[in-house]
Asker: 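Sharing a structure below in structure tokens format, with a few things to ask.
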Amino acid sequence: MSLEFSASWRPILEAEFKKDYYKKLSEFVEAEYQAAEIYPPKSEIFNAFNKCAYDDVKVVILGQDPYHGPGQANGLCFSVREDVRVPPSLKNIFKEIKSDLGVDAPSHGSLERWAEQGVLLLNATLTVRAHQAGSHQKKGWEHFTDAVIRQLGAERQHIVYMLWGSYAQKKADFIKEDDNLILQSPHPSPLSARRGFFGNQHFSKANDYLKQAGRTPIEW
């Protein structure tokens, strides 16, 4: 698997690339791209890192799996390409931003503008087979993305972690809570959004925290 990977992250995670699990993961992913329709495009696997430099990270939002529909996944969790219909969970995220901050939803579902402001939009698994949700789970990606969270959580300060749903909330154990802000709520999925995602005010809380820390808030 070719490493189209931001130079800012390479020193942080260089050791992971040399581990046996990553070598096996790389071989698996390469074979999958040759054998089937895989999302996102190979050049966008590491988009979360390429769009948000290590030193720029202010907020981390965790997803689980890339979208598995045609043309949806762009390497950023919850985000889709501008010409793709906005998925239900992202619609609910935009609804909460409107309720929390009064900001109208954009006309598309690309979240690149967030990433470019310092929001790391990281899925636990970075690839998926078309129409097969979870098909690349437990192949090694989780080891890699857990290493990312551990590194940030241990070494960096004044980062906001938005952990939505039980899967993301398990990652709180990797983060120094005294040095960062951990925000937890149910997932924005239509199945759970009304159980506490709506009204969580995570976006205003994140910006208030960033301001207190002397960092520029995010234009959600």
Asker: Using distance only, find each side-chain donor-acceptor pair of residues 184-192 under 3.5 Å and give its atom names and separation, not counting sequence neighbours.
Answerer:
from: S185; atom 1: OG; to: N200; atom 2: ND2; distance (Å): 3.1
from: H187; atom 1: ND1; to: S189; atom 2: N; distance (Å): 2.9
from: S189; atom 1: OG; to: L191; atom 2: N; distance (Å): 3.1
from: S192; atom 1: OG; to: H187; atom 2: O; distance (Å): 2.8

Asker: Are any of the side-chain heavy atoms of H108 and R81 separated by less than 4.5 Å?
Answerer: no
Asker: Please confirm whether K176 makes a cation-pi placement over F174, using NZ or CZ under 6.0 Å from the six-membered ring centre and within 45° of the ring normal.
Answerer: no
Asker: In the single-linkage hydrophobic clustering (I, L, V, M, F, W, Y; side-chain heavy atoms under 4.5 Å), do L122 and I218 co-cluster?
Answerer: no
Asker: Please check this pair: side chain of T145 against backbone of W141, looking for a donor-acceptor N/O pair closer than 3.5 Å.
Answerer: yes
Asker: Which value, rounded to the nearest 0.5 Å, describes the distance between K171 atom NZ and I182 atom CD1?
Answerer: 13.5 Å
Asker: As an exercise, state the distance from CG of L181 to NE2 of H202, rounded to the nearest 0.5 Å.
Answerer: 8.5 Å
Asker: Would you say the side chain of F28 lies within less than 4.5 Å of the side chain of E32, judging by non-hydrogen atoms?
Answerer: yes
Asker: Which atom names give the shortest non-hydrogen contact between E44 and A73, and what distance separates them?
Answerer: OE1-O, 3.9 Å
Asker: So if you build clusters from Ile, Leu, Val, Met, Phe, Trp, Tyr with side-chain heavy-atom gaps below 4.5 Å, do Y161 and W9 land together?
Answerer: yes
Asker: Looking only at atom types and distance, does a side-chain atom of N180 sit under 3.5 Å from a main-chain N or O of H158, one as donor and one as acceptor?
Answerer: yes
Asker: Before we go on, tell me: are the rings of W164 and F78 under 6.0 Å apart, centre to centre?
Answerer: yes
Asker: For E142 and K139, which heavy atoms make the closest approach, and how far apart are they?
Answerer: OE1-N, 4.0 Å
Asker: Using a 3.5 Å distance criterion without hydrogens, assess whether the side chain of Q151 forms a donor-acceptor pair with backbone atoms of L13.
Answerer: no
Asker: Determine, step by step, whether L183 and L163 satisfy the side chain to side chain contact (heavy atoms under 4.5 Å, CB included) criterion, reporting the C-alpha distance in whole Å, the side-chain angles of both residues, the deciding distance to 0.1 Å, and the verdict.
Answerer: CA-CA 6 Å; L183 300 174; L163 307 181; over 6 Å; no
Asker: Check whether the side chains of H136 and T127 place a donor and an acceptor atom closer than 3.5 Å, and report yes or no.
Answerer: yes
Asker: Between Q64 and Q137, is a side chain to side chain contact (heavy atoms under 4.5 Å, CB included) present by the stated rule, with each step listed?
Answerer: CA-CA 9 Å; Q64 190 164 350; Q137 291 178 5; 3.7 Å; yes
Asker: Do the side chain of N50 and the main chain of S6 share a donor and acceptor less than 3.5 angstrom apart?
Answerer: yes
Asker: Quick one: CD on Q72 to CG on D83, what's the gap to the nearest 0.5 Å?
Answerer: 11.0 Å
Asker: Run the side chain to side chain contact (heavy atoms under 4.5 Å, CB included) test on C77 and I61 for me, step by step, so that the C-alpha distance in whole Å, both residues' side-chain angles and the decisive distance to 0.1 Å come before the verdict.
Answerer: CA-CA 8 Å; C77 73; I61 298 178; 4.1 Å; yes
Asker: Would R156 and Y54 count as a cation-pi pair here, with the cationic atom under 6.0 angstrom from the ring centre and within 45° of the axis?
Answerer: yes
Asker: Is any side-chain heavy atom of V59 closer than 4.5 Å to one of L120?
Answerer: no
Asker: When hydrophobic residues are tied together by side-chain contacts of less than 4.5 Å, even through go-betweens, does L111 share a cluster with F197?
Answerer: yes
Asker: Does the side chain of P70 reach to within under 4.5 Å of the side chain of Y39, using non-hydrogen atoms?
Answerer: yes
Asker: Are I12 and V119 joined in one hydrophobic group, where the rule is that I, L, V, M, F, W and Y side chains link up if heavy atoms are under 4.5 Å apart?
Answerer: no
Asker: With a 4.5 Å cut-off on side-chain heavy-atom distances among I, L, V, M, F, W and Y, is there a chain of contacts connecting F46 to L76?
Answerer: no
Asker: Quick check: does any side chain N or O of E96 sit under 3.5 Å from a backbone N or O of G199, one acting as donor and the other as acceptor?
Answerer: yes
Asker: If you apply the rule side-chain hydrogen bond (donor to acceptor under 3.5 Å, both in side chains), what do you find for E16 with Y21, and how did you get there?
Answerer: CA-CA 9 Å; E16 296 302 308; Y21 88 83; 2.7 Å; yes
Asker: Quick one: are the ring centres of Y22 and F144 less than 6.0 Å apart?
Answerer: yes
Asker: Hey, is NE2 on H143 packed in by over 12 heavy atoms from elsewhere, all under 6.0 Å?
Answerer: no
Asker: Any non-hydrogen side-chain atom of F198 less than 4.5 Å from a side-chain atom of N92?
Answerer: yes
Asker: Step through the shown structure and confirm whether more than 12 heavy atoms of other residues, nucleotides or ligands are within 6.0 Å of CD on E177.
Answerer: no
Asker: Strictly below 4.0 Å, N to O, side chains only: are R113 and E219 in salt-bridge contact?
Answerer: no
Asker: Locate the shortest heavy-atom distance separating V128 from A133; write the atom from each residue and the value.
Answerer: CG2-CA, 4.3 Å
Asker: Does this structure show an ion pair linking K42 with E30, if we count only N-O contacts that are shorter than 4.0 Å?
Answerer: yes
Asker: With a 4.5 Å limit on heavy-atom distance, are the side chains of N123 and D65 in contact?
Answerer: no
Asker: Could you pull out the closest heavy-atom pair between G109 and L90, with the gap in Å?
Answerer: O-CD2, 3.3 Å
Asker: Is the closest side-chain heavy-atom distance between K205 and D208 below 4.5 Å?
Answerer: no
Asker: Is the shortest side-chain heavy-atom distance between I175 and V60 below 4.5 Å?
Answerer: no
Asker: Distance from N47 atom CG to S79 atom OG, nearest 0.5 Å?
Answerer: 8.5 Å
Asker: Looking at every non-hydrogen atom in both residues, tell me the closest pair between T125 and P66 and how far apart they are.
Answerer: O-CD, 3.1 Å
Asker: Hey, what do you get for OG (S99) to CZ (F94), rounding to the nearest 0.5 Å?
Answerer: 15.0 Å
Asker: Donor-acceptor pair, distance only, cut-off 3.5 Å: does the side chain of D56 make one with the backbone of G118?
Answerer: no
Asker: How many angstroms lie between CD1 in I93 and CG in D100, if you round to the nearest 0.5 Å?
Answerer: 13.0 Å
Asker: Side chain to side chain contact (heavy atoms under 4.5 Å, CB included), that's the test. Do K58 and V160 meet it? Break it down for me.
Answerer: CA-CA 6 Å; K58 300 174 185 174; V160 180; over 6 Å; no
